[in-house]
Each structure stands twice: as C-alpha cells, then as structure tokens.
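Nothing fancy with the numbering, it's 1 onward along the sequence. Numbering of ligands and ligand atoms starts at 1, following listing order. Bear in mind that the values here come from a model prediction, so they are computed numbers and not experimental data.
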Amino acid sequence: MAIRIFSGVQPTGNLHLGNYLGAIRNFVRLQQDGNECLYCMVDMHAITQWQDPKELTEATRMVAAGFIAAGIDPKRSIIFNQSRVAAHAELAWIFNCVARLGWLNRMTQFKEKAGKQRENASVGLYDYPVLMAADILVYKATHVPVGEDQKQHLELTRDIAQKFNNDFGVDFFPITEPIIQGEATRVMSLRDGTKKMSKSDPSEFSRINLTDGPDQIADKIRRAKTDPLPLPETLTDLEARPEADNLVGIYAALSDQTREQVLTEYSGKLFSEFKGALTDLAVGRLGPIGSEMQRLVAEPAYIDAALENGAERAAAMAAPIIREAKRIVGFLGA
Ligand code: TYM
C-alpha cells in the first residue's frame, strides 16, 4: 500500500521548539524520504478557542513560513490552510454521526483545555478530535507524524475509521498509523519540567520560539530551571530529574543523538557548561530557520500563492474520497 502522510499545526501564537522537534522536523524528513505529504495550517481547529481574526490570518502565514523555512518544499509537498478545502468540514459532519459521545468524553486534551470552564467551552473544542479524523481520512492518509500529546486523538481517528467501515460494511478508510519519533516527542516547559512546552503558557521564558534571535535563545536557556547537581551517568538517574531530562532531550534531538550519547559526553559536567553548549547548538540550528521565516513573512505574496496552489491540489485529492464517502452513506447526488 502506498504511504500518504498528513499532519496539521494550529495557526495560533508562535511556533515553538516543541512544535519543531516533535512535529515539523519529522515533516521535513518524511518529505525527504520521497513520500507524498500534505501539511496543513488547521485554521478551523484554531477557532475552537477565540482568535482575533487579523492575528489568525497572520499566524497562518507565519506557520506556513515556518514550514518552508524548516525545509518543506511547497512544490514537492502540499501545504495549505484547512478552511479552503470544504471536504474537511463535510467529512467531519459524517464522522460526527459515527463517533460516540462516550469516546469524546474520554479525550484528555479537551479536559485540559476546557479546564474549570467546561460549560463555557465551545462545541467546536469538544468536537476538535472528530475534525482531526476528517482532516486525515479525507485524504486516506496512512501515516500521521505528531508529538506525543496527539496520540489519543489518533487512536480516536482509528476508532472512527473502523466504525465507519463496520457500520457500512466497507473497507474504505485506512487505519492510520501515528509516527511519534525522536528524542523530543514531548518537549517540556523550560520553567517547569513537568509541564508541556506550549503556546498558551503565559511565561515567554517557558518556551523557545522559532523566531527568537540568538540573544533571546541564550537568555531563555540561561534562565531555564535546573538543579545544582552535575549531569548524571545513567538514563535512570536522568529520568528522575525532569528539568535535566528535558534539556538533555532537547540537546539530543537538536544534535541527532540519543540521550545516552549526550550523557557519555557530558556526565559529571555542570549545567552552567552544558547550557553554554546547548545555546550554541540551538542558535546554530534554529537561527537560520527564524531569519528565513522573517524574510518570508515580509513577502506574503509568495506564501499566499503557495497556499492557494496547495489548496487546489488538496481539494482535487479530497474530491473523489468525499464523493465516495457520501455515496457509501447514501446521500442522493453523490
Ligand atoms: P498543535 O498546533 O497544538 O501542535 C502541532 C504539533 O506540534 C506537536 N507539539 C509538541 N511536540 C513535542 N513537544 C511539545 N511540547 C509539543 N507541543 C506541540 C503536536 O503534537 C503537533 O504534532 N491537533 C493538532 C493539529 C491537527 C492535526 C490534525 C495533527 C489538526 N488536525 C490532523 C495531525 C493530523 C495539534 O496538536 O496542533
């Protein structure tokens, strides 16, 4: 069976190191391996929580710039924004009638995002994972590269595909495989090693943004929380120290090594020294991406044309699949 890759990133706030190491870097690798890839700015997911309209437009361009600057080639891969391809919303409706309330009630990300304001959360936020399943399956994508936090949503995607196939007695939607790969599938906050690095953390010092300059990167790493002990020798000792584990994981991912290899080099060294090396590495790796992003967003015409072209190609790919899904359901005229 041919491999088809789909993944999405929400155009909200800044892209950060977690998005890069957990997802975008793998998007680039999968493209370089010669796969057919679709990478989407999921603006319909973004509005499940309030977004200022102007900022949403700008953030969509900024994420596209991040994709391109990181190495995604808009000619080889399809990059586009979700709201332009109506088939996502159409299939999401069909899936709303396949997915069960009980399944959505188990989604931990909804609970985290809605928090104590559950009654006041949008219906869209609750339905978020169903739209995700539609994003993936409207292209019959077989593999989905994501960070660890999306694992549960991808299990739901598999459940929806399976139930659709069973309900209608067809073998139509593929059972998608997640690709959760690398040493940094869950990058943690620089201020608290037990919390995920996230766009919504109020502290700027909790995350490194892809557009941060060398001074900001250095400052954030210098202030990153650590403990007074030197770096340990073994992975078991490292795992007991969340902040140390996080920084070693970031170093490993940025230098294409394993945590063990990093410990072989740095065990017994103090964090003051390790942080210096991590800063040099991060500035070297992220600096060129950040400046290319700034250059690209200064010329929105290029990005806008790439997204328009991507949306046309995506829509053409989705058209026969949504038509067949409607026909399977029994919609007249499909
Ligand atoms: P978003 O925008 O929240 O995250 C985009 C990608 O970044 C990964 N990620 C992380 N990886 C490691 N460490 C972190 N701290 C970290 N924070 C974020 C996420 O796992 C994700 O891969 N729901 C998706 C968007 C989406 C989607 C899809 C993905 C919508 N439809 C279909 C795949 C397929 C999301 O989390 O976006």
Side-chain angles (χ1 to χ4, degrees), residues 4-28 30 37-49 51 56 59-60 62-64 66-67 70 80-83 85 88-89 91-92 95 107-110 112-113 124-125 127-158 160-161 176-201 206-210 242 245-246 249-250 253-254 314:
R4 183 177 281 173
I5 310 288
F6 181 93
S7 197
V9 173
Q10 293 190 74
T12 52
N14 268 318
L15 285 177
H16 55 68
L17 187 62
N19 299 132
Y20 178 63
L21 294 178
I24 299 171
R25 205 170 66 143
N26 291 332
F27 299 177
V28 178
L30 288 159
C37 302
L38 297 107
Y39 298 126
C40 186
M41 272 58 70
V42 289
D43 45 10
M44 298 199 299
H45 279 105
I47 63 162
T48 58
Q49 291 178 300
Q51 303 300 324
L56 178 64
T60 304
M62 192 54 114
V63 172
F67 283 5
F80 69 107
N81 57 310
Q82 183 188 34
S83 61
V85 181
H88 292 239
L91 188 59
F95 285 170
M107 295 294 116
T108 54
Q109 202 157 75
F110 173 74
E112 280 162 26
K113 284 191 181 174
L125 188 66
D127 202 32
Y128 183 115
V130 176
L131 179 58
M132 246 182 95
D135 295 339
I136 297 164
L137 294 173
V138 83
Y139 302 101
K140 293 195 177 182
T142 56
H143 293 77
V144 181
V146 282
E148 172 75 34
D149 61 345
Q150 295 304 307
K151 203 170 166 199
Q152 193 187 32
H153 287 160
L154 294 186
E155 279 159 14
L156 186 91
T157 299
R158 294 162 66 96
I160 290 177
T176 303
E177 291 291 338
I179 301 182
I180 301 175
Q181 227 171 39
E183 287 288 321
T185 56
R186 187 173 175 83
V187 178
M188 308 309 276
S189 155
L190 300 180
R191 307 299 298 165
D192 177 351
T194 63
K195 262 173 53 189
K196 195 177 69 174
M197 183 177 286
S198 138
K199 295 170 188 171
S200 53
D201 193 314
S206 68
R207 64 183 159 263
I208 293 173
N209 296 317
L210 288 190
D245 185 42
N246 190 37
I250 293 172
L254 285 172

Tell me yes or no: between the side chains of S83 and D43, is some donor less than 3.5 Å from an acceptor? yes
Check V144 against ligand 1 and report side chain, backbone, both or neither, counting heavy atoms closer than 4.0 Å. side chain
Step by step, work out the side-chain hydrogen bond (donor to acceptor under 3.5 Å, both in side chains) result for Q152 and T108. CA-CA 8 Å; Q152 193 187 32; T108 54; 3.1 Å; yes
Measure from the side-chain N and O atoms of T157 to the backbone N and O of H153, and report whether any donor-acceptor pair falls under 3.5 Å. yes
Just which atoms of ligand 1 are under 4.0 Å from any heavy atom in R186? 12 (C), 13 (N)
In terms of side-chain geometry, is the basic nitrogen of D201 or R207 positioned less than 4.0 Å from the acidic oxygen of its partner? no
If you have a sec, work out which protein heavy atom is nearest atom 31 (N) of ligand 1 and how many Å separate them, to one decimal? D135 OD2, 2.7 Å
List every atom of ligand 1 that sits less than 4.0 Å from any heavy atom of G22, numbering the atoms from 1 in the order shown and giving each element. 11 (N), 12 (C)
Side chain to side chain contact (heavy atoms under 4.5 Å, CB included) partners of M188, counting only residues at least two apart: R186, N246
Tell me which protein heavy atom sits closest to atom 17 (N) of ligand 1, plus the residue, atom name and distance to 0.1 Å. H16 CE1, 3.6 Å
Under 4.0 Å from a heavy atom of I136: which atoms of ligand 1 are those, numbered in the order shown and with their elements? 32 (C), 34 (C)
Checking C40, P145, C37 against S7 for side chain to side chain contact (heavy atoms under 4.5 Å, CB included), the one that qualifies is P145
Between L131, L38, D149, which one has a non-hydrogen atom sitting closest to atom 20 (O) of ligand 1? D149
Of the backbone atoms (N, CA, C, O) and the side-chain heavy atoms from C-beta on, which set of V42 has a member under 4.0 Å from an atom of ligand 1: side chain, backbone, both, or neither? side chain
Classify the contact between Q10 and ligand 1 as side chain, backbone, both or neither, using a heavy-atom distance cut-off of under 4.0 Å. both
Could you list the atoms of ligand 1 found under 4.0 angstrom from a heavy atom of T185? 11 (N), 12 (C), 13 (N)
Closest to atom 30 (C) of ligand 1 by heavy-atom distance, out of M44, M132, K199, is M132
Please determine if N19 has a nitrogen or oxygen closer than 3.5 Å to a nitrogen or oxygen of ligand 1. yes
F6 to ligand 1: N or O pair under 3.5 Å? no
Atom indices of ligand 1 within 4.0 angstrom of V9 heavy atoms, with elements: 2 (O), 5 (C)
For atom 13 (N) of ligand 1, grab the closest protein heavy atom and report residue, atom and distance to one decimal in Å. V187 N, 2.8 Å
Under a 3.5 Å distance rule, please check whether Q51 uses its side chain to pair with a backbone N or O of Q49 as donor and acceptor. yes
In the protein, which heavy atom is nearest to atom 36 (O) of ligand 1, and how far is it? Q150 NE2, 2.7 Å
P242 versus G193, closest heavy-atom pair with distance: CB-O, 3.6 Å
Please confirm whether M188 approaches ligand 1 to less than 4.0 Å, judged on its heavy atoms. no
Closer than 4.0 angstrom, basic N to acidic O: yes or no for K196 and E148? no
Is P145 close to ligand 1, meaning an N/O of one under 3.5 Å from an N/O of the other? no
Say whether, by atom type as modelled, one donor and one acceptor occur between the side chain of Q10 and the main chain of V42 under 3.5 angstrom. no
In terms of residue, atom name and distance, what is the protein heavy atom nearest to atom 22 (O) of ligand 1? G147 N, 3.2 Å
Taking the inter-plane angle between the rings of H45 and Y128 on a 0 to 90° scale, is it parallel (under 30°), tilted (30 to 60°) or perpendicular (over 60°)? tilted
Polar contact flag for K196 and ligand 1 (N/O pairs, less than 3.5 Å): no
Taking the ring centre of each residue, are Y139 and H88 less than 6.0 Å apart? yes
For P11, does its backbone N or O pair with a side-chain atom of T60 as donor and acceptor, under 3.5 Å? no
Check if Q109 has a non-hydrogen atom at a distance under 4.0 Å from any atom of ligand 1. no
If I compare all heavy atoms of I5 with all of A141, which pair ends up nearest, and what's the gap? C-CB, 4.4 Å
Q181: partners by side-chain hydrogen bond (donor to acceptor under 3.5 Å, both in side chains), with sequence neighbours left out: none
Within a distance under 4.0 Å of any heavy atom of H45, pick out the atoms of ligand 1 and give their elements. 30 (C), 31 (N)
Polar contact flag for Y128 and ligand 1 (N/O pairs, less than 3.5 Å): yes
Nearest to atom 25 (C) of ligand 1, what protein heavy atom do you find, and at what distance? G8 O, 3.5 Å
When you measure from atom 11 (N) of ligand 1 to every protein heavy atom, which one gives the shortest distance, and what is it? G18 O, 3.1 Å
Polar atom proximity, A23 to ligand 1 (N or O, under 3.5 Å): no
